[in-house]
Amino acid sequence: MSKGSKPVSSHVRGSGDFVFDMRALGKRPGEFRDEKRTASAPDGLGSGLVLVPAGGDVALDLRFEAVSEGVLVTGSAVAPLTGECARCLDPLTSTIEVSFQELYRYLPDPGEDASDGEERFLDGDYLDFEPAFRDAVVLALPLSPLCREDCPGLCAECGAKLADVGSDHGHGDKVDPRWGLLAKLEINDRVED
Ligand SMILES: [Zn+2]
Ligand SMILES: [Zn+2]
């Protein structure tokens, strides 16, 4: 009977798509390992018009190299991207590629300040690459994604998609002469004797 078995922890150290086991490097500077892996994209990557869909396949191509302070990670990742064209608002799918050069340091000795904030640290024998991946993707997301480089966008008058209606689309019949309306500024100066 297994009534005494403990529930499995939801956060198992050393597991996870972005966690890599560094034991093979043995903390020997110069030693390296290349790893290719397909990982599941984490939640919440992206904002506004574009995002990396959670669970999408992220192709990781990484080299882990032992250096004296820790492990240097170089390589690249390619992730799917979905969003909306900033000009014509059509849905778009694309990919984003980011490259890395990240130093993960061994945990500092007791007494040494680890709360620098900017630095990344190994967790024992494991390296969690997700924070580095996340930061790189957020920086690389396009601010104005386009369905294609020369997307003509929408007609400012009627909202028609110019790619569909053609370049001769226009509203020539609707002349809108602008009468110069000049606001007259009346200044009432009251001079009191
Ligand atoms: Zn477009
Ligand atoms: Zn129009």
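All ligand and atom numbering here is 1-based and tracks the order in the structure. Note that the structure is predicted; figures quoted are calculated from it, not measured.
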Asker: Taking 2.8 Å as the upper limit, name the protein N, O or S atoms near the Zn ion (ligand 1).
Answerer: C85 SG, C88 SG, C147 SG, C151 SG
Asker: Hey, are D135 and R120 close enough for a salt bridge, meaning a charged N less than 4.0 Å from a carboxylate O?
Answerer: yes
Asker: Are the side chain of D17 and the backbone N or O of S40 linked by a donor-acceptor pair below 3.5 Å?
Answerer: yes
Asker: Taking the Zn ion (ligand 2) as the centre, how many protein N/O/S atoms fall inside a distance shorter than 2.8 Å?
Answerer: 4
Asker: Which value, rounded to the nearest 0.5 Å, describes the distance between M22 atom CE and Y126 atom OH?
Answerer: 10.5 Å
Asker: More than 12 heavy atoms of other residues, nucleotides or ligands under 6.0 Å from CG of D43: is that the case?
Answerer: no
Asker: Would you say the ring centroid of Y104 lies under 6.0 angstrom from that of F121?
Answerer: no
Asker: Could you check if a side-chain atom of V52 sits within less than 4.5 angstrom of a side-chain atom of I96, using non-hydrogen atoms only?
Answerer: yes
Asker: With the threshold set at 4.0 Å, does a side-chain nitrogen-carboxylate oxygen contact exist between D150 and R148?
Answerer: yes
Asker: Out of curiosity, L122 CG to L127 CG, how far, rounded to the nearest 0.5 Å?
Answerer: 5.0 Å
Asker: To the closest 0.5 Å, what do you measure between CD (E69) and CG (L103)?
Answerer: 5.5 Å
